[in-house]
Asker: 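Just dropping this structure here.
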Amino acid sequence: MVDSDGSETVVVELTSAAAKSGVEVGMTPPQAMARCPELQILSRTPAAERTLSETLLGIACGASAYVEATAPNLCTLDLKSCRLQGVSLEMWGKALLEKAKATGLGIRLGIAPNPDLALVAAECANAAHPVRVVTNSPKFLGGLSLRVLAPPAPVAAILQSWGITTLGELTRLKRDDVAARLGPDGVHLWDQANGRSTRLLRLVRSPESYEEAFDFERELDTAQPLLFLLRRFVDQLAARLNAAGLVAGEMRLSMPLSDGTRYERLFQIPSPTAKADLLFRILDTHFENLRLDHAPVGVRLNMEPAKAEHQQFQLYENALRDPNRFAETLARISAVVGNGNVGVPGLKGTHKPDQFTLTMPDFNAPVRSFASGKPAVGLPLRRFRPPLPAQVHAVAAELPRPRYIVSEQAHGAVVDALGPYRISGDWWEAAWSAEEWDVQMEDGGLYRISRHGEAWTVEGCYDL
Amino acid sequence: MISEFVELHARSAFSFLRGASCPEQLARQAAVLGMPALALCDRDGVYGAPRLFATAKEHGLRAIVGAELSMLDGSVLPVLVENRTGYQNLCRLITQAKLRGSKTDAPVMWEDLPEFAEGLVCLTGDEEGALRQSLERGDLDGAETGVRRLRAIFGAGNVYVEIQRHLERGEQWVNSLLVQLAASERLPLLASNGVLYAERGQRATLDVLTCIRNHTHLDVAGELLSRNSERGLKPARHMRRLFADLPEALSNTVYLGDRLQFSMENLGYEFPRYPVPQGETMDSFLRKVTLAGARARYTHLGAPALAQLNRELALIEKLGFAGYFLIVWDIANFCTEHDILMQGRGSAANSAVCYSLGITSCDPISNHLLFERFLSEGRKGWPDIDLDLPSGSRRESVIQELYRRYGRHGAAMTANIITFRGKSALREIGKALNFPPDVLNRFSSLYASGDFPHTLDLQTHLQSAGMPLEHPRAAAFLSLYPQLYGLPRHLGQHSGGMIICQGMLDSMVPLERASMPGRVVAQWDKDDCEDLGIIKVDLLGLGMMSVLQESLELCRSQGRPVEMAAISRDDPAVFELMQRAETIGVFQIESRAQMATLPRMRPKTFYDVVIEVAIIRPGPIQGDLVHPYLNRRAGCEPVDYIHPLLEPVLKRTLGVPLFQEQILKVAMVIADFRGDEAEELRRALGFHRSDERMRKVILKLRAAMERKGIGPEAIEKVIKGVASFALYGFPESHAISFANLVWTSAWLKVHRTAEFFTGLLNNQPMGFYSPATLLRDGKRHGLRFKPVSVLHSQWKCTIEEEGCIRLGFCLVRGLSTGRGKRIAAQRAEQPFVSLHDFRTRTQLAKDELRVLAKIGALNGLAEHRRDALWQVEEAVDPGDLFSWVNRNTKEPASMDQPLAPMSPGERTEADYHGTGLTVGPHPMQLVRADFPHLWRAADLPEARNGDWVAIAGNVICRQRPGTAKGFVFVSVEDETGIANAVIAPALFEKLRLLITQENFLVITGRLQNADKVIHIRASSVERLGETLLHGSGSHDFH
């Protein structure tokens, strides 16, 4: 796995097979590939690493009430409060390993009398011995490489220049000498290398889950029982949120279907709330128009907690009084016109015609002026979406001028034509080009027509 | 037919990322379209004007000069030059803005314009013009005011309302306002197409350039990109159709085009006049100083020399070049007075006047050099005198002296136009196409040498970087590269070319700031300046000149002074050194190709060295001249002079035309060319920009030979010999000048070895080999090297005793010059008695102390390196009242220091890490016992030709010359010397990364020993062992 250190991309992690081929941490990809031509090079994916860290933290919190999120992908647990019920530490660790394995996570575990020693033990665990229990720390630590303690880079560089490569070599130096030369970082490292360092864990609380789920005995035929169940879920979750002084920022609905697939839907709550009625109405509106090809066999509802926001309306502001109601209205419109077809239109930054985006309105954003540098000139165009196919007869010339149009909307002789206006773009991937004309028909109608190669279309008509 | 349209507003790629065609392309296309003239208005400069002018002239087109001026308010104002006053005003206006502003932002102020408006005609501009911007904002009053301001500045007849039609929606509205405004203000309309490229197909290139300029990519560039492809040059009939309703807008282009009669043919350039003593003219004074110099240089100034001098002086007088020679002489004098080693190179060495003036150091008379190569009667332009100077501060002092003498507006460096090419161009295209960064990184870094055009085609390269050819953007990537290749990217400065002028240089060409502080650069490169008759003096920095200067100074300080001019050219020991190819560090003949030729060439005379310098070059190699010469020299093939007439010309080179002078002479003898015609032939051959020009002179040569009745076989041989020089011609005089440096450096290596190697080490980086290799070579030549030590070293390497060099602080990585010198200065005041004392007095940073400790430079103050490393980490209290006790007391050997000394391997690693070299054992020596099967470099002569051997060592050089058909030459160094291997293209492609990335290699193959030149023809290449060995860097791909 490679990562950039700001100036250069270098290897940061590698498999044992890669290491056997001579690949080392810190090599550039070409250097690494020179050692191992078959090398697979991967880039770091921070999002995936975050997810793994969260999963690990969840497992840790399930195993102990006292957990420290020591570093990304690293948790320290205080086992004093755990009831091991006669099980050996190693067996307990293996059980935890199995639990992690069930979530798809491979972990290494170190168990020791203090947190730093446990960390070293975990570093020394490997695939063959994934649980490392340390009781005799001097014996265990002495031969270990300094790297297991991941010393800060400047300290590591100095120790390397001193020829100190193992924890045993470090501890053979006097603690005071180390302190005089390497400062607090060195002392901490020395203590860790001795297995004597003690510290209090910086505990994290397990993230409270606001989730309810139910598996049906049989497939559901109608939405009624589902809505009944969801109402109950919403009431319970809203009550819990209220009790914690929180509100729901979003709701995630998940339903396993009879064909083995899963229906998922995320509801953003425009104005986070813990009011059960409001929350349920969002779901109810959604189910009004929901058609599924396969029946649900279960349901799971998760609410993402957020802190309640309170705002006082000002005299001249246009923020919505009830954003949730507005969102509900939009959802209803969306149900009619289809998802992705609702929002505030905005022009896309391209020369390609009729390119726009729809964005959900943000009523909390400051009011913007719509006045642009260029004054709007010309007549408004009503676009036909999609454009209407047309047959256009043009006078053969270097720039053929349209003379007669046959189409669903515009039909007849062209009295006058302005153009052509040439546009083209995206030549680097999906090239397009068009030649547009503004034409006036016998009946006085003004249309925009467009030629794409040999094909003509009527793009729209102008308001007169 | 009278044209109906002249394009008066075109931008070329010399608008730097704002235009997609070279001026030459624009001129050619304009000629194809039948335009009588074309105006080039590049942004804030006349960068492309000389090229437009030259190409236009070839195609019967009239080049009109103009420029788009970036104004302070963000608008752009196009102006066109009507006459010479206008041109000079434009140059001075741009110079004023450029020297006032920063390198990237130097707008013209509106209030600057009135002073420089005479002789200029202005257009109201395109979408970036102030007028159109006002109209598009709906600010009609502002538009009127703006137009009136222009009329007030430039005069009523010198402002044209520019109107463009690009078939874009919305432009009618603005254009109708422009027409109304022109009518109401009684200003003429002028049609233009606001050209940004020659042909519509180049629109994609423009879009990519736009992305590069805006630091964005095509997916998000949106409306920054072109709306369509209508900004190319358009023929009159297209423009007539577009402006059918405004015929006067078209006819005005013809009218204005006729009015703008300024030509770049004669810029009115004058070389500075040399201030001669009362009663002298420049000619008489030149004669006086030349003859005085000649009497000093020629021990017997005989009739032939006098005749030659008189002939040269007469021609110089006739051509009016006396001032030029005097000024160069003056520069030479400045160098002498300031103890700066200087030597003229190039064709100036063909002149006895230059030799007499002390500008050059080889006597053209005794060397039978052809003066016409330097100067001839019909020759256009100025002669070329290049001066080699020691690189670094000495050369800079000469450059600054010229600025001082001629002023900020009177002297400038010539430009070096940086163009899109190679890896960086491909990377920029990739970025514009929004290729993922990891693909771009891999693309760039996988083949760090950037040599892919030789063997790896672009498609394969792209695939190797992880981009399949089926990728939707791969086709665009592949097609864009040739379009972008060679287009100007930005303006740099030439390494040494300076132009100076009598009066104001900024009236000839706009000047601007260079990136380097204190430097001013002209907007034209040296070829442009030469084409327009502006004389340049090349002040070239040569690392070897620095080495020689320093070595000669060391010789003096060591009590063994040597005068460069007095060194014998007939020294058997020097020839033996060359014959043994022990030429590491010697100027020019240290490359692997040179070293492989030396044992075959076996130089026995100074002229052999001249040939050696000239023959191992791409031209003779590509022209297959090397082997015929060597074979004839060895008596293996008969000497062929092509034609009996040519025997006197080619005798010295055994019938092989090696030098440009010979080409000239061949043309004069066998085709009866005059001196200037022969020089024209030579220039056409060396003029890399025009195949057409070369084709024409070859035809002329052929016709002349046919007229003279030369046989067809001889004609073909002559043509082949001449053509092979097209790109890489080499003047004999230049070869002699370089051979002087070769000889001097080789002589120093033999007779003043310590001084020479000290000079080499003190002037790194330079030459072909790393300091580590130089040091090992020095050892092989009997020198001893002592490591860097705070108790003994100076900033530079020094000679401590006979044959013993003390390495200086200049080799220590991470130690600044100031700190290094401070150590030496403090020690000179009072020796350091302890590490504490050293630290207190030098106040070095921790990092500097660490590196000194690591390389053993503190060993005199500590038990060993690790002891020093242990001690330097301890804090020193600057306020310690008792520190004087420590300062004056040598510390007892620290009994309680707990660290073990470094092992030999660790010491080697630390040395390479800290200084790039080691005076200790070579890394190979440390692992030799593990590889008993490997041959040592020194043992290879004992192997038989064809033996199967394996060599290994630190890779010090990887070369893949364009002339070697894909073969790669790798040199590996071990503790005994250097072994060479040749890797076939197929094996290289297979193991490309291994060969290019690994520092230590094992190469196995058959040994080839031809004329004592030994190399291994590799059949396998592996990395050496599992452990990471530390060695010096490699000098790759030259």
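Note that the structure is predicted; figures quoted are calculated from it, not measured. Lettering follows sequence order; numbering is per chain, from 1.
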Asker: What distance do A/Ser424 atom OG and B/Arg200 atom CZ have between them, rounded to the nearest 0.5 Å?
Answerer: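 It comes to 8.0 Å.
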Asker: Decide if atom CD of A/Glu13 counts as having more than 12 heavy atoms of other residues, nucleotides or ligands within a radius under 6.0 Å.
Answerer: no
Asker: For A/Glu49, does the CD atom sit with more than 12 other heavy atoms under 6.0 Å from it, leaving out its own atoms?
Answerer: yes
Asker: So does A/Ile423 get a backbone contact from the side chain of B/Arg169, meaning a donor-acceptor N/O pair under 3.5 Å?
Answerer: no
Asker: As an exercise: rank B/Met902, B/Arg850, B/Glu171 by heavy-atom pairs under 4.5 Å with chain A and give me the winner.
Answerer: B/Arg850
Asker: Is A/Leu173 in contact with chain B via its backbone, its side chain, both, or neither, using a 4.5 Å heavy-atom distance?
Answerer: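 A/Leu173 touches chain B through side-chain heavy atoms alone.
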Asker: Heavy atoms only, distances under 4.5 angstrom: which of A/Asp438, A/Ile158, A/Val2 has the most pairs with chain B? Name it, please.
Answerer: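 Looking at each of A/Asp438, A/Ile158, A/Val2 in turn, A/Ile158 comes out on top.
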Asker: Report which part of B/Leu480 has an atom under 4.5 Å of a heavy atom belonging to chain A: side chain, backbone, both, or neither.
Answerer: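 It is the side chain, since no backbone atom gets that close.
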Asker: Please say whether more than 12 non-hydrogen atoms of neighbouring residues, nucleotides or ligands are located less than 6.0 Å from NE2 in B/His913.
Answerer: no
Asker: Please tell me if the side chains of B/Glu223 and A/Thr350 come closer than 4.5 Å, counting only heavy atoms from C-beta onward.
Answerer: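 No, every pair of side-chain atoms sits at 4.5 Å or beyond.
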Asker: Is B/Ser226 close to chain A through its backbone or its side chain, or both, or neither, when contacts mean heavy atoms under 4.5 Å?
Answerer: backbone
Asker: Nearest heavy-atom pair of A/Arg181 and B/Glu874: which atoms, and what distance?
Answerer: NH2-OE1, 3.4 Å
Asker: Counting only non-hydrogen atoms closer than 4.5 Å, does B/Leu433 touch chain A with its backbone (N, CA, C, O), its side chain (CB onward), both, or neither?
Answerer: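 Side chain only.
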Asker: Would the number of heavy atoms belonging to other residues, nucleotides or ligands and lying under 6.0 Å from CZ of A/Arg383 be above 12?
Answerer: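 Yes, because the 6.0 Å sphere around CZ of A/Arg383 holds more than 12 heavy atoms from other groups.
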Asker: Using only atom types and a distance under 3.5 Å, with no angle test, would you say the side chain of B/Asn228 pairs donor to acceptor with the backbone of A/Arg422?
Answerer: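 At least one qualifying donor-acceptor pair exists.
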Asker: Using a cut-off of under 4.5 Å for heavy-atom pairs, which of A/Glu169, A/Gln355, A/Gln31, A/Glu429 has the most such pairs with chain B?
Answerer: A/Glu429
Asker: To the nearest 0.5 angstrom, please state how far the CG atom of B/Leu993 sits from the SG atom of A/Cys36.
Answerer: 11.5 Å
Asker: Does A/Trp162 have B/Arg866 sitting over its ring (NZ/CZ under 6.0 Å from centre, angle to axis within 45°)?
Answerer: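 B/Arg866 over A/Trp162 ring: no.
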Asker: For B/Gln133, is it the side chain, the backbone, both or neither that has a heavy atom under 4.5 Å from a heavy atom of chain A?
Answerer: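 For B/Gln133, no heavy atom lies under 4.5 Å from chain A.
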Asker: Considering only heavy atoms and a distance below 4.5 Å, find which of B/Glu168, B/Arg203, B/His166 pairs most often with chain A.
Answerer: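 Most pairs with chain A among the choices: B/Arg203.
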Asker: Carefully, step by step, assess B/Glu998 and A/Arg35 under the rule side chain to side chain contact (heavy atoms under 4.5 Å, CB included).
Answerer: CA-CA 8 Å; B/Glu998 290 292 345; A/Arg35 295 277 167 102; 2.3 Å; yes
Asker: Using a cut-off of 6.0 Å, state whether more than 12 heavy atoms not belonging to A/Lys348 lie near its atom NZ.
Answerer: no
Asker: Looking only at non-hydrogen atoms, find the nearest pair between A/Ala34 and B/Gln997 and report the distance.
Answerer: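 Heavy-atom minimum between the residues: CB-CB, 3.7 Å.
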Asker: Could you walk me through whether B/Leu218 and A/Asp426 pass the side chain to side chain contact (heavy atoms under 4.5 Å, CB included) check?
Answerer: CA-CA 8 Å; B/Leu218 290 160; A/Asp426 297 350; over 6 Å; no
Asker: Using every non-hydrogen atom in the two residues, find where B/Ala476 and A/Trp428 come nearest and quote the distance to one decimal.
Answerer: CB-O, 3.8 Å
Asker: Which one wins on heavy-atom pair count under 4.5 Å against chain A: B/Leu991, B/Leu869, B/Leu994?
Answerer: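 The answer is B/Leu869.
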